[in-house]
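Heads up: the structure comes next, in structure tokens.
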Amino acid sequence: MTKIFFQQDINSFEQWLIAQPYSQIILLADANTNGFCVPILKQQIAIFKSCHLIVIPQGETNKRLEVVELIWERLIAFEANRNSLLVNVGGGVVSDMGGFAASVFKRGIDYINIPTTLLAQVDASLGGKTGIDWHGFKNIIGCFRHPKAIFIQPDFLHTLDNQILRSGIAEMIKHILISSDVAWQEIKKFQAINFFNPNLIEGSLLFKKSIVVKDEMDNGIRQILNFGHSLGHAIESNSLKTDSPLLHGEAIMLGMEIELKLSERIFQLDRQVLIDFMVLRQKLFPNLNFDFSWKNLKQFLQQDKKNTLGFNMSLLSEVGDCRTNVNVAESLLISILNQYET
Ligand SMILES: NC(=O)c1ccc[n+]([C@@H]2O[C@H](COP(=O)([O-])OP(=O)(O)OC[C@H]3O[C@@H](n4cnc5c(N)ncnc54)[C@H](O)[C@@H]3O)[C@@H](O)[C@H]2O)c1
């Protein structure tokens with residue numbers, strides 16, 4: 001499984017890299033991380049100084065096949081072979097897309113992730129889910145291939161735009177809701193959240209790891225990590241068609257809100273959880289514009305990878321107890337979404 005190095009382990013990370021038998025190392029960054037993070041990494045880690053670099057356009061709208069092709073073209077130009085290592089420096093878009101590009105290039109080369117957003121440090125960098133959006137559907141093309149290592153450096157978060165930083169908290173809140181009522185009682189106060197706290201980041205990431213090691217291929221318990229994502233991905237996909245797309249974390253907050261409502265109806269989840277969640281959501285993301293109409297969301301929900309028959313979701317029976325493969329009736333979904341119609 002993936003080796004995890006934190007900021008304080010930088011020397012071990014460098015030693016580990018030097019000890020690997022790679023023929024060459026190629027860095028992949030987007031336009032922002034090339035400016036903010038690559039220069040720091042080159043200063044910190046000597047082996048990165050002379051590496052080739054691939055720079056791709058930033059953002060979710062560029063998580064697409066044409067950009068993966070660009071990565072493959074550059075890999076060929078740099079004469080990458082089966083012993084090359086791709087180092088993804090960026091948020092979840094770079095790690096998902098770089099991981100996918102690496103997973104099929106010459107039938108698969110190794111890659112590592114150096115996540116530079118909160119969302120990627122607590123979630124996207126680990127677990128081996130790689131992929132791209134295609135024909136408007138989120139993450140619909142992709143495969144499982146684990147990074148050989150990840151290196152978490154919370155200092156990178158200081159150059160993040162505030163909205164992007166906040167969006168990263170969504171996956172942390174998800175980890176808390178599905179794992180621990182004690183942590184939920186703490187985080188719901190919001191004032192207590194320090195986005196740069198290395199202990200919070202480490203705790204959240206290690207929780208994800210503890211689930212992934214039990215079910216790498218997402219056939220069982222790992223599906224609890226999809227809480228909030230059935231609706232969240234549909235809302236995000238739908239918003240990507242508009243002029244003001246939501247960030248991934250923003251869409252996941254909205255997805256969790258609806259899935260908490262479903263949890264209340266199906267499992268009688270304590271109403272106080274939903275009330276506290278909505279207060280937190282309003283504080284963190286007060287000005288979200290979103291479209292909850294069934295007509296627009298249905299086509300995306302139907303493509304959810306968890307569906308077998310009908311709509312299958314991961315819902316909470318209580319905080320810390322997430323049930324997977326819960327079949328949700330279309331009529332119930334419509335009645336909850338209708339509450340948002342103005
Ligand atoms: N594979 C998984 O398990 C998994 C899990 C959760 C989310 N995801 C995916 O992650 C993606 C969202 O990731 P994200 O929120 O990190 O988005 P992102 O990668 O688009 O990064 C957000 C923005 O921040 C910029 N940026 C990144 N690091 C920076 C830094 N240190 N300083 C300044 N700017 C910086 C980027 O250029 C981009 O504009 C989605 O595509 C989602 O599907 C994957």
Side-chain angles (χ1 to χ4, degrees), residues 2 28-41 55-64 67 88-100 103 111 113-134 137-147 150-175 195-196 201 204-205 208-209 211-212 216-218 222-223 225-229 232-237 239-240 245-253 255-256 300 305:
T2 305
L28 174 73
D30 71 17
N32 289 324
T33 58
N34 182 40
F36 290 118
C37 310
V38 169
I40 297 173
L41 282 169
V55 181
I56 55 176
Q58 63 79 34
E60 186 71 34
T61 49
N62 284 303
K63 193 173 158 183
R64 55 194 165 91
V67 178
N88 302 321
V89 183
V93 167
V94 174
S95 54
D96 276 15
M97 199 158 40
F100 178 59
S103 71
Y111 75 97
N113 289 332
I114 303 188
T116 61
T117 63
L118 182 59
L119 187 141
Q121 294 192 350
V122 300
D123 189 354
S125 59
L126 183 81
K129 285 188 181 177
T130 76
I132 52 165
D133 307 335
W134 193 64
F137 296 109
K138 280 277 305 169
N139 300 336
I140 197 157
I141 307 291
C143 63
F144 287 94
R145 188 175 178 100
H146 291 282
I150 62 180
F151 174 48
I152 309 282
Q153 193 159 196
D155 278 357
F156 280 143
L157 306 183
H158 291 284
T159 52
L160 277 178
D161 172 276
N162 193 34
Q163 190 194 0
I164 294 169
L165 181 66
R166 279 171 181 251
S167 115
I169 204 79
E171 302 284 6
M172 276 171 118
I173 292 173
K174 177 197 75 179
H175 286 165
F195 294 98
F196 306 100
I201 294 172
S204 197
L205 183 78
K208 177 168 183 182
K209 182 184 171 194
I211 301 299
V212 172
E216 289 191 26
M217 300 306 283
D218 205 15
R222 183 169 176 175
Q223 289 183 13
L225 298 171
N226 291 325
F227 170 63
H229 282 62
H233 276 160
I235 292 166
E236 186 181 5
S237 298
S239 88
L240 284 169
L246 294 168
L247 294 172
H248 179 74
E250 294 171 335
I252 295 309
M253 284 302 279
M256 286 195 281
F300 298 113
K305 296 183 282 300

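Sequential numbering from 1 along the given sequence is applied to the chain's residues. Each ligand, and each atom within it, is numbered from 1 in the order the structure gives.
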Considering residues at least two apart in sequence or located in another chain, which fulfil the ring pair (Phe, Tyr, Trp, His ring centres under 6.0 Å) criterion with Phe144? none

Could you tell me which residues satisfy side chain to side chain donor-acceptor pair (under 3.5 Å) with Glu60, sequence neighbours excluded, listed by chain and number? Lys138

Sequence neighbours left out, what passes ring pair (Phe, Tyr, Trp, His ring centres under 6.0 Å) with Phe137? Give chain and number order. Phe300

Can a donor-acceptor pair be found between the side chains of His229 and Glu236 at a distance below 3.5 Å? no

Considering only heavy atoms from C-beta outward, does the side chain of Lys63 approach that of Asn139 to under 4.5 Å? yes

Under a 4.0 Å heavy-atom cut-off, which residues neighbour ligand 1? Asp30, Asn32, Thr33, Phe36, Cys37, Gln58, Gly59, Glu60, Lys63, Gly91, Gly92, Val93, Asp96, Thr116, Thr117, Leu119, Asp123, Ala124, Lys129, Lys138, Asn139, Phe156, Thr159, Leu160, Ile164, Glu171, Lys208, His248

Are any non-hydrogen side-chain atoms of Leu165 and Leu157 less than 4.5 angstrom apart? yes

